Engineer: 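Provided herewith is a single structure, encoded as C-alpha cells, for subsequent inquiry.
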Amino acid sequence: MADERKALIAAACHFYQRGWMVGTAGNLSARSANGGFWITASGRHKGELDELDFIRLDLDGMVLEAPDVAARPSAETSIHQAIYRCFPEAGAIYHVHSVEANVVSHWAADGRLRLPALEMLKGLGRWEAEPAVDLPVFENLPHVPDIARRIEAQLQEAPPAVPALLIHLHGATVWGPSPRAALHHTELLEYIFRFMVTARMAGLGGTQ
Ligand SMILES: CSC[C@@H](O)[C@@H](O)C(=O)COP(=O)(O)O
Ligand SMILES: [Zn+2]
C-alpha cells in the first residue's frame, strides 16, 4: 500500500496507544494524491486498522474508492469535509477523544477556550510572546452534519488561532498540511490540555 492510508494507520496506532482513540472512538483523514481524501470507515478499531478500513471520498462525500464494499464512511465525515473546504492547505485531519479534552471543554466560555501561553504553542504556529489563543468550542449536537454546518460557518468567518477545534464533551479535531504535521499538532494540543488539567489539580492559578 503506497498511499496516504499508511500514515493514517500509523497515527491511529499511536493515538490508540495513548488512550485517545479507545473503543473505536475518533477518526482520521488525509487528502489523496489521486483526488479527494481517504477517511476511516465508521466503527473500526483504531488500534488495528488496515487498508480495507478506509474509503476515498470527494469533498461532496461521493465515494471514489471503497476497498471494502461493506464499509461506511465515518459518522463524522461532514466535519472533515467542512475543514477541507475551509482550509485548502489542510492535508490531514485527526479527531481524538482524550479524557483531558473533555475535562477542559468544561472551562470554555462563549464558545471559546483560552489556552495557556505555553512554549508548545510555537509548534502550533504561534510564535509571539505570551500569545492570547482561543480555541473554538462547539456544542455536541446529536446530528453531526449540524455540528459540521456550525463549524464551517464559524471557521469561514474567523479562522482559529491554531489549527484545531474542540467539541464539548466529545473531543478535539486537529489538522495540518500533512499527516505528519497533523500528528505533531495533535500531540501538542493534547499536551496543552494535559497541562491545563494538571495545573488545575495542583491549584495553580492563571493557567487558562
Ligand atoms: C466510541 S463512539 C464515538 C463515535 O460516536 C464518534 O464520536 C467517533 O469519533 C467515531 O465515529 P466513527 O463513525 O467510527 O468515525
Ligand atoms: Zn468523535
Side-chain angles (χ1 to χ4, degrees), residues 4-5 7-32 36-84 90 92-106 108 111 113 135-152 154-155 160 163-176 179 182-183 185-187 189-190 193:
E4 300 78 10
R5 285 174 289 176
L8 296 180
I9 291 169
C13 236
H14 186 73
F15 297 144
Y16 176 74
Q17 282 162 5
R18 275 155 186 74
W20 303 346
M21 283 192 157
V22 299
T24 76
N27 32 71
L28 306 94
S29 74
R31 284 195 207 262
S32 166
F37 62 97
W38 284 107
I39 188 159
T40 39
S42 188
R44 303 294 162 104
H45 189 280
K46 307 307 184 305
E48 45 194 39
L49 294 175
D50 68 29
E51 65 200 90
L52 299 181
D53 294 319
F54 293 85
I55 298 172
R56 189 159 62 89
L57 304 173
D58 72 10
L59 279 192
D60 297 321
M62 205 177 79
V63 177
L64 301 175
E65 198 174 339
D68 171 2
V69 290
R72 294 287 163 265
S74 164
E76 292 168 348
T77 297
S78 53
I79 295 176
H80 293 247
Q81 288 169 283
I83 292 166
Y84 285 130
I93 302 171
Y94 298 154
H95 165 63
V96 293
H97 287 206
S98 72
V99 171
E100 288 82 0
N102 288 328
V103 173
V104 302
S105 76
H106 280 288
L113 177 70
L135 194 65
V137 183
F138 295 87
E139 193 182 335
N140 192 28
L141 303 171
H143 186 54
V144 176
D146 292 338
I147 311 177
R149 260 189 292 278
R150 286 191 183 180
I151 289 174
E152 188 160 355
Q154 185 171 322
L155 298 194
L165 61 87
L166 196 56
I167 304 175
H168 182 60
L169 286 179
H170 181 158
T173 300
V174 184
W175 55 96
L183 183 134
H185 291 168
T186 307
E187 285 193 345
L189 187 70
E190 288 292 342
F193 291 161

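If you're wondering where the values come from, they're calculated on a predicted model, not measured in any experiment. Throughout, numbering of the chain's residues begins at 1 and tracks the sequence. One-based numbering, in listed order, for ligands and for the atoms of each.
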Engineer: In terms of side-chain heavy atoms, does Ser105 have a donor or acceptor partner in His168 at a distance below 3.5 Å?
Structural biologist: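 Side-chain D/A pair, Ser105 to His168: present.
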Engineer: In His170, the N, O or S atom nearest to the Zn ion (ligand 2) is which?
Structural biologist: NE2
Engineer: For Glu139, is there an ion pair with Arg150 - N to carboxylate O distance below 4.0 angstrom?
Structural biologist: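 Salt bridge flag = yes for Glu139 with Arg150.
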Engineer: Would His170 and His95 satisfy side chain to side chain donor-acceptor pair (under 3.5 Å), going step by step from the backbone distance to the final call?
Structural biologist: CA-CA 10 Å; His170 181 158; His95 165 63; 3.1 Å; yes
Engineer: Before giving the answer on side-chain contact (heavy atoms from CB on, under 4.5 Å), spell out for Leu165 and Leu155 the whole-Å C-alpha distance, their side-chain angles and the decisive distance to 0.1 Å.
Structural biologist: CA-CA 10 Å; Leu165 61 87; Leu155 298 194; 4.0 Å; yes
Engineer: Do the side chains of Phe138 and Leu166 get nearer than 4.5 Å, heavy atoms only?
Structural biologist: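 Result no, sub-4.5 Å side-chain heavy-atom pair not found.
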Engineer: Can you name the atoms of ligand 1, numbered from 1 with element, that are less than 4.0 Å from a heavy atom of Thr24?
Structural biologist: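 Answer, ordered by atom number: 1 (C), 10 (C), 14 (O).
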Engineer: Test His80 against Asn27 for side-chain contact (heavy atoms from CB on, under 4.5 Å), laying out the working first.
Structural biologist: CA-CA 9 Å; His80 293 247; Asn27 32 71; 2.7 Å; yes
Engineer: What are the atoms of ligand 1, with element, lying closer than 4.0 Å to any heavy atom of Ala75?
Structural biologist: 12 (P), 13 (O), 15 (O)
Engineer: How far is atom 13 (O) of ligand 1 from its nearest protein heavy atom, and which residue and atom is that?
Structural biologist: Ser42 OG, 2.6 Å
Engineer: State the atoms of ligand 1, each with its element, that fall below the 4.0 Å cut-off from a heavy-atom position in Ser74.
Structural biologist: 12 (P), 13 (O), 15 (O)
Engineer: Do the side chains of Ile147 and Asn140 get nearer than 4.5 Å, heavy atoms only?
Structural biologist: yes
Engineer: Just checking, any donor-acceptor pair under 3.5 angstrom between side chains of Ser29 and Tyr84?
Structural biologist: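 On atom types as modelled, these side chains qualify, holding a pair under 3.5 Å.
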Engineer: Provide the number and element of each atom of ligand 1 under 4.0 Å from a heavy atom of Gly43.
Structural biologist: 12 (P), 13 (O), 14 (O)
Engineer: With no hydrogens and no angle check, is any side-chain donor or acceptor of Asp68 less than 3.5 Å from a backbone partner on Ala70?
Structural biologist: yes
Engineer: Give the atom numbers and elements of ligand 1 that come within less than 4.0 Å of a heavy atom of Gly23.
Structural biologist: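 Here the atoms of ligand 1 in question are 1 (C).
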Engineer: What residue and atom, counting heavy atoms only, is the protein's closest point to atom 3 (C) of ligand 1, and at what distance?
Structural biologist: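 Going by distance alone, atom 3 (C) of ligand 1 is nearest to His97 CE1, 3.7 Å.
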Engineer: Does Tyr94 have its ring centroid less than 6.0 Å away from the ring centroid of His185?
Structural biologist: no
Engineer: Only heavy atoms of Gly26, strictly under 4.0 Å: list the atoms of ligand 1 that pass.
Structural biologist: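 Near Gly26, the atoms of ligand 1 are 8 (C), 9 (O), 10 (C), 15 (O).
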Engineer: Under a 4.0 angstrom heavy-atom cut-off, which atoms of ligand 1 come close to His95?
Structural biologist: 9 (O)
Engineer: Can you sort out which atoms of ligand 1 are near Lys46, meaning under 4.0 Å from one of its heavy atoms?
Structural biologist: 14 (O)
Engineer: Can you figure out which of Met21, Glu76, Arg44 has its heavy atom closest to atom 7 (O) of ligand 1?
Structural biologist: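 Selected option, by shortest heavy-atom distance: Glu76.
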Engineer: Suppose we measure from atom 11 (O) of ligand 1 to each protein heavy atom; which comes out shortest, and what is that distance?
Structural biologist: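 Closest protein heavy atom to atom 11 (O) of ligand 1: Asn27 ND2, 3.8 Å.
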Engineer: Before signing off on this row, confirm whether Ala41 and ligand 1 have an N or O atom pair separated by under 3.5 Å.
Structural biologist: no
Engineer: Is the closest heavy atom of His170 to ligand 1 under 4.0 Å?
Structural biologist: yes
Engineer: With the Zn ion (ligand 2) at the centre, find the angle made by OE1 from Glu76 and NE2 from His95, to 10°.
Structural biologist: 80°
